[in-house]
Amino acid sequence: MNRVPRHVAIIMDGNGRWAKAQGRDRSEGHRAGVDALHTMLEAANKLGIRYVTCYTFSTENWNRPQKEIDALMYLIGFAVQRETQNLLDHDISLKVIGDMDRLPASARQALDDCIAKTAHCKYGSLILAISYSSRWEITRMAQRLAHDVAAGRITPDQVDEQAVSQRLCTDGIPDPELLIRTGGEQRISNYLLWQIAYSELYFTDIYWPDFGEAELFDAIVDYQSRERRFGKTSAQVQAENK
Ligand code: FPP
């Protein structure tokens with residue numbers, strides 16, 4: 001228990017295939033995905049994981065059929081309303097990273113409402129990446145830096161890692177130690193590219209709706225078997241941990 005990651009990022013993939021395998025509509029897969037998210041948050045809380053960032057809707061997902069986009073937006077509103085009390089009970093704030101301006105008013109309203117109600121919570125955060133992609137985020141960060149330099153607020157030489165981090169959506173949130181992707185694909189899909197520079201990666205074939213407490217524990221145990229060296233040698237790391 002003394003080597004539990006503080007922050008776990010998740011790519012919740014496989015809802016559509018889970019539904020198809022059962023002859024059901026893709027939107028039913030997403031509905032089951034919301035339940036899986038609830039289960040996973042409870043399990044993460046039990047372990048003492050403080051930050052969970054979920055890839056809920058990517059910038060590229062706007063290219064899906066409108067019917068599926070509508071179902072997902074409805075579900076986002078429904079899920080955050082349903083989870084608000086649960087977040088308050090665990091002292092967890094809701095944050096959203098992504099281009100909120102593109103969301104339909106109803107989903108946005110539900111998110112803003114939950115963000116405001118949980119803003120005082122201190123234990124940790126549930127971070128939903130919605131209408132998010134890393135390249136969008138990094139481009140926006142570069143624009144912000146350019147504006148700040150042009151306005152004389154910082155000089156070009158003051159552009160360092162901290163200046164970059166502060167202009168990303170995740171300012172103030174520690175980087176994830178572990179990234180989990182369900183659904184069998186082994187790629188990052190434009191997710192948290194800056195933030196996962198040193199994260200351990202864990203891929204599982206399990207579809208997201210089937211990812212429960214036991215599956216999260218498996219991922220954490222696997223993470224605990226890794227040696228995180230951050231560019232140092234194994235001998236250096238072992239000496240530091242003595
Ligand atoms: C990937 O499955 C999943 C998504 C695009 C959406 C994730 C959304 C949820 C779990 C529901 C809403 C969640 C919240 C937090 C309110 P896919 O559709 O790409 O599956 P496939 O690869 O099998 O087609």
Side-chain angles (χ1 to χ4, degrees), residues 8-45 49 51-87 90 92-100 102-104 106-115 117-118 124-134 136 169 179-192 203-212 215-216:
V8 177
I10 304 184
I11 301 177
M12 310 179 290
D13 199 11
N15 294 347
R17 281 165 288 160
W18 179 90
K20 197 174 169 207
Q22 305 181 31
R24 292 159 75 180
D25 190 72
R26 291 178 60 83
S27 62
E28 292 185 63
H30 296 314
R31 189 170 286 273
V34 172
D35 292 338
L37 178 64
H38 174 84
T39 305
M40 195 275 304
L41 288 176
E42 291 292 314
N45 197 263
I49 296 167
Y51 301 89
V52 176
T53 300
C54 295
Y55 211 176
T56 306
F57 192 89
S58 70
T59 305
E60 291 74 24
N61 286 154
W62 288 115
N63 297 321
R64 290 200 173 185
Q66 192 59 41
K67 183 171 154 265
E68 183 168 343
I69 295 175
D70 292 345
L72 276 166
M73 289 300 147
Y74 169 78
L75 267 182
I76 288 171
F78 164 81
V80 294
Q81 273 168 5
R82 196 179 73 172
E83 289 302 318
T84 300
Q85 191 54 50
N86 196 26
L87 293 174
H90 291 109
I92 291 172
S93 61
L94 178 76
K95 296 186 195 301
V96 174
I97 58 173
D99 189 357
M100 289 271 275
R102 289 186 73 175
L103 301 186
S106 54
R108 203 183 156 142
Q109 181 65 48
L111 288 162
D112 282 341
D113 195 50
C114 184
I115 290 168
K117 281 184 180 149
T118 60
S125 297
L126 167 64
I127 302 134
L128 298 181
I130 306 178
S131 190
Y132 172 89
S133 77
S134 264
W136 166 82
C169 303
L179 170 74
I180 297 172
R181 181 174 188 142
T182 64
E185 312 291 355
Q186 302 202 1
R187 55 177 171 255
I188 303 300
S189 302
N190 215 349
Y191 189 45
L192 301 174
F203 300 102
T204 169
D205 289 341
I206 293 168
Y207 294 147
W208 174 251
D210 289 330
F211 192 87
E215 287 72 23
L216 179 69

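Whatever order the structure lists ligands and atoms in, that order sets their numbers, starting from 1.
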* Which residue and non-hydrogen atom of the protein lie closest to atom 10 (C) of ligand 1, and at what distance in Å? -> Asn15 ND2, 3.4 Å

* To do: Specify the protein heavy atom at minimum distance from atom 15 (C) of ligand 1: its residue, its atom name, and the distance to 0.1 Å.
  => Leu37 CD2, 3.2 Å

* Less than 4.5 Å apart, any side-chain heavy atom of Ile10 and any of Leu37? -> no

* Quick one: does Arg31 get within less than 4.0 Å of ligand 1, heavy atoms only? -> no

* Between Arg24 and Gly29, is there a donor-acceptor pair closer than 3.5 Å when you use the side chain of the first and the backbone of the second? -> no

* When you measure from atom 4 (C) of ligand 1 to every protein heavy atom, which one gives the shortest distance, and what is it? -> His30 CE1, 4.0 Å

* Asked: Which residue holds the protein heavy atom closest to atom 16 (C) of ligand 1, what is that atom called, and what is the gap in Å?
  -> Ala79 CB, 3.4 Å

* List the steps, then state whether side chain to side chain contact (heavy atoms under 4.5 Å, CB included) holds for Met100 with Arg108. => CA-CA 7 Å; Met100 289 271 275; Arg108 203 183 156 142; 4.2 Å; yes

* To do: Work out whether the distance between some heavy atom of Glu185 and some atom of ligand 1 is less than 4.0 Å.
  => no

* Asked: What residues form a ring-ring contact (aromatic ring centres under 6.0 Å, His included) with Phe57, not counting sequence neighbours?
  -> Trp62

* Part of Val80 with heavy atoms under 4.0 Å of ligand 1, whether side chain, backbone, both or neither -> neither

* Quick one: are Thr39 and Phe211 in side-chain contact, heavy atoms under 4.5 Å? -> no

* Between Trp18 and ligand 1, is there a nitrogen or oxygen pair with a distance under 3.5 Å? -> no

* With atoms numbered from 1 as shown, which atoms in ligand 1 lie under 4.0 angstrom from a non-hydrogen atom of Leu128? -> 15 (C)

* Side-chain donor or acceptor of Tyr55 paired with backbone N/O of Tyr132 under 3.5 Å -> yes

* **ligand 1 contact on Arg64 by region, counting heavy-atom pairs under 4.0 Å** => side chain

* Asked: Between Ile92 and Leu41, is any pair of side-chain heavy atoms under 4.5 Å apart?
  -> no

* **Polar side chain donor-acceptor pair, Asp70 to Gln66, under 3.5 angstrom** => yes

* **Heavy atom of Gly14, distance to ligand 1 below 4.0 Å** => yes

* Should Thr182 and Thr204 be marked as a side-chain hydrogen bond (donor to acceptor under 3.5 Å, both in side chains) after you check the CA-CA gap, both sets of side-chain angles, and the distance that decides it? -> CA-CA 5 Å; Thr182 64; Thr204 169; over 6 Å; no

* To do: Report the part of Lys20 in contact with ligand 1, treating N, CA, C, O as backbone and CB onward as side chain, heavy atoms under 4.0 Å; options are side chain, backbone, both, neither.
  => neither

Without placing hydrogens or testing angles, list every side-chain donor-acceptor pair under 3.5 Å for residues 73-84, not counting sequence neighbours.
from  : atom 1 : to    : atom 2 : distance (Å)
Arg82 : NH1    : Asp35 : OD1    : 3.3
Arg82 : NH2    : Asp35 : OD1    : 3.0
Glu83 : OE1    : His38 : ND1    : 3.1
Glu83 : OE1    : Asn86 : ND2    : 3.0
Glu83 : OE2    : His38 : ND1    : 2.9
Thr84 : OG1    : Val80 : O      : 2.6

* Any idea which atoms of ligand 1 are less than 4.0 Å away from a heavy-atom of Arg26? -> 17 (P), 18 (O), 24 (O)

* What's the shortest distance from atom 6 (C) of ligand 1 to any protein heavy atom, and which residue and atom give it? -> Thr56 O, 3.2 Å

* To do: For the pair Asn45 (side chain) and Glu42 (backbone), establish whether a donor and an acceptor sit closer than 3.5 Å, ignoring hydrogens and angles.
  => no

* Run the numbers for me: atoms of ligand 1, each under 4.0 Å from some heavy atom of Arg17, listed by number. => 21 (P), 22 (O), 23 (O)

* Would you check if the side chain of Arg17 reaches a backbone N or O of Tyr207 as a donor-acceptor pair within less than 3.5 Å? => no

* **Minimum heavy-atom distance Arg102-Thr59, with the two atoms named** => NH1-CG2, 4.0 Å

* Asked: What residue and atom, counting heavy atoms only, is the protein's closest point to atom 3 (C) of ligand 1, and at what distance?
  -> Met12 O, 3.0 Å

* Heteroatom distance test (Asp13, ligand 1): nitrogen or oxygen, under 3.5 angstrom -> yes

* To do: Name the closest protein heavy atom to atom 12 (C) of ligand 1, giving the residue it belongs to and the distance to 0.1 Å.
  => Val34 CG2, 3.7 Å

* Could you list the atoms of ligand 1 found under 4.0 angstrom from a heavy atom of Ile76? => 16 (C)

* Structure fact -> Residue, atom and distance of the protein heavy atom nearest atom 20 (O) of ligand 1 read Gly16 N, 3.0 Å

* Ligand-side contact atoms (ligand 1) for residue partner Asn61, heavy atom cut-off under 4.0 Å -> 5 (C)

* **Polar proximity ligand 1 side, Tyr55 side, N/O cut 3.5 Å exclusive** => no

